Engineer: 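My questions will all concern the structure given below.
Everything numeric here is computed off the predicted structure, so don't read it as measured data.
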Amino acid sequence: MVSKSAIAPVSLLDELQSTLAHGTVARRVETLRRVTDLFINGAVDYSDEQVGLFDDVFQCLIDHIETSARTLLANRLAPIETAPPLTIRALAFDDVIEVAGPVLSQSARLDDKTLIENARSKSQAHLMAISTRKVLSGAVTDVLVQRGNDAVVQSTVNNPGAEFTERGFTRLVNRAEGDDNLSTCVGLRPNIPRHLYLKLVAKASDAVRKRLEAANPQQTKEITTAVQEAKRRGRSDSRAVTRDTAIAHALVKSLYED
């Protein structure tokens with residue numbers, strides 16, 4: 001026996017055609033509300049084919065409704081794991097952040113490929129929404145760290161569910177120079193590679209070092225060693241520059257005389 005909920009989306013298609021052809025904006029919004037209610041009430045039980053049917057209906061409707069209605073739809077569909085995938089994608093790439101934000105920050109339907117595409121092409125507000133997701137892979141954070149502004153980078157670093165590749169950590173360490181707050185947050189990330197941690201500490205201010213020492217007392221000796229090593233290398237590099245410069249001058253003089 002075919003359930004009433006399984007038949008309902010099909011019957012709505014006929015009504016949808018009439019609504020789009022002759023209906024007012026208010027009627028379109030009401031149709032969207034009814035379709036959304038119908039989907040949410042049976043989302044757990046729908047087959048992939050039925051979800052695909054809802055996808056078709058939603059996409060027809062969101063092209064003909066105002067921003068406030070799209071925003072409401074995004075907020076209602078974002079937490080649902082089985083939400084229609086093409087509709088979720090369309091909402092995620094909406095230029096209006098009130099529409100895209102809920103989906104980018106919550107929807108499990110968005111895979112890494114889609115998130116990376118979005119992060120590479122959309123606004124800083126879109127990147128900020130992505131940075132708040134419960135889980136972020138290193139591939140996604142690479143783009144956020146590379147393209148994001150200071151606020152996006154800080155939000156990403158503060159996200160306990162974010163992972164970072166070594167390339168991402170390298171960019172973070174470079175960006176953190178001169179920024180005490182970011183330096184501290186990066187230094188406190190549990191998986192930062194040791195050599196990058198020491199590089200961060202060597203360049204950090206005394207205030208940052210004290211915060212890191214307070215958070216990780218067992219690393220106090222390592223921090224001190226890193227600072228001393230940085231100073232030693234600085235003096236060594238300075239002498240090397242002076243020596244190399246003298247050799248270069250002598251070579252130029254010799255060539256000139258010849």
Side-chain angles (χ1 to χ4, degrees), residues 9 12-13 15-17 19-21 23-41 43 46 48 50-137 139-156 159 161-162:
L12 277 176
L13 283 177
E15 181 181 338
L16 177 62
Q17 296 298 328
T19 298
L20 294 179
T24 63
V25 172
R27 185 179 174 190
R28 291 170 184 167
V29 172
E30 174 59 19
T31 302
L32 178 66
R33 184 193 64 77
R34 290 176 55 201
V35 173
T36 307
D37 286 344
L38 182 63
F39 177 77
I40 290 176
N41 289 337
Y46 288 132
D48 290 344
Q50 290 169 326
V51 172
L53 182 59
F54 274 105
D55 225 344
D56 293 338
V57 174
F58 280 127
Q59 288 188 86
C60 287
L61 284 169
I62 61 179
D63 289 336
H64 298 84
I65 58 175
E66 60 188 7
T67 299
S68 60
R70 297 201 310 278
T71 301
L72 180 60
L73 177 64
N75 277 287
R76 297 190 70 188
L77 292 183
I80 300 176
E81 292 186 3
T82 57
L86 296 180
T87 301
I88 289 294
R89 178 185 169 84
L91 294 171
F93 281 84
D94 198 298
D95 289 336
V96 180
I97 190 57
E98 287 77 13
V99 176
V103 172
L104 289 173
S105 61
Q106 300 178 58
S107 180
R109 280 295 200 183
L110 298 175
D111 58 15
D112 279 2
K113 182 179 178 181
T114 304
L115 291 171
I116 290 171
E117 180 185 350
N118 193 286
R120 284 176 174 166
S121 61
K122 304 302 287 185
S123 73
Q124 292 295 318
H126 288 69
L127 271 66
M128 177 61 79
I130 294 173
S131 74
T132 65
R133 291 176 68 86
K134 286 184 178 180
V135 177
L136 286 172
S137 71
V140 176
T141 59
D142 269 356
V143 182
L144 295 178
V145 172
Q146 180 182 25
R147 187 167 179 264
N149 59 23
D150 290 346
V152 169
V153 171
Q154 188 71 59
S155 175
T156 306
N159 186 339

Engineer: Any non-hydrogen side-chain atom of L32 less than 4.5 Å from a side-chain atom of F58?
Structural biologist: yes
Engineer: Is there a donor-acceptor contact under 3.5 Å from the side chain of H126 to the main chain of D94?
Structural biologist: yes
Engineer: Between V103 and L77, does the side chain to side chain contact (heavy atoms under 4.5 Å, CB included) criterion hold? Intermediate values first, please.
Structural biologist: CA-CA 8 Å; V103 172; L77 292 183; 6.0 Å; no
Engineer: Could you tell me if the side chain of R133 sits less than 4.5 Å from the side chain of V140, heavy atoms only?
Structural biologist: no
Engineer: Ignoring hydrogens and angles, tell me if any N or O in the side chain of D55 forms a donor-acceptor pair with the backbone of T87 under 3.5 Å.
Structural biologist: yes
Engineer: Counting N and O atoms only, with roles assigned by atom type, does the side chain of Q59 sit under 3.5 Å from a partner on the main chain of A90, one being a donor and the other an acceptor?
Structural biologist: no
Engineer: Distance from I62 atom CD1 to T67 atom OG1, nearest 0.5 Å?
Structural biologist: 12.0 Å
Engineer: Check whether any side-chain heavy atom of E117 lies under 4.5 Å from a side-chain heavy atom of R89, and answer yes or no.
Structural biologist: yes
Engineer: In terms of heavy-atom contacts, does CG of D63 have more than 12 from other residues, nucleotides or ligands at under 6.0 Å?
Structural biologist: yes
Engineer: In Å, rounded to the nearest 0.5 Å, how long is the span from OG1 of T141 to CG of D112?
Structural biologist: 9.5 Å
Engineer: State the NE2-CG distance between H64 and L61, to the nearest 0.5 angstrom.
Structural biologist: 8.5 Å
Engineer: Within the 4.5 Å heavy-atom criterion, are T132 and S155 side-chain neighbours or not?
Structural biologist: yes
Engineer: Quick one: pull up CG in L127 and CG in L144 and give me the separation to the nearest 0.5 Å.
Structural biologist: 5.0 Å
Engineer: So F39 and V57, do their side chains get closer than 4.5 Å, heavy atoms only?
Structural biologist: no
Engineer: Side-chain contact, heavy-atom cut-off 4.5 Å: R76 with D37?
Structural biologist: yes
Engineer: Once you round to the nearest 0.5 Å, how far does OG of S123 lie from CG of D95?
Structural biologist: 8.0 Å
Engineer: How about P85 and V51: do any of their side-chain heavy atoms sit closer than 4.5 Å?
Structural biologist: yes
Engineer: For the atom pair OH (Y46) and CG (L53), what is the distance rounded to the nearest 0.5 Å?
Structural biologist: 9.5 Å
Engineer: How about D150 and Q154: do any of their side-chain heavy atoms sit closer than 4.5 Å?
Structural biologist: no
Engineer: Please walk me through it: do T114 and D111 pass side chain to side chain donor-acceptor pair (under 3.5 Å)?
Structural biologist: CA-CA 5 Å; T114 304; D111 58 15; 2.7 Å; yes
Engineer: Check P102 against A78 and note the closest heavy-atom contact, atom names and distance.
Structural biologist: O-CB, 3.4 Å
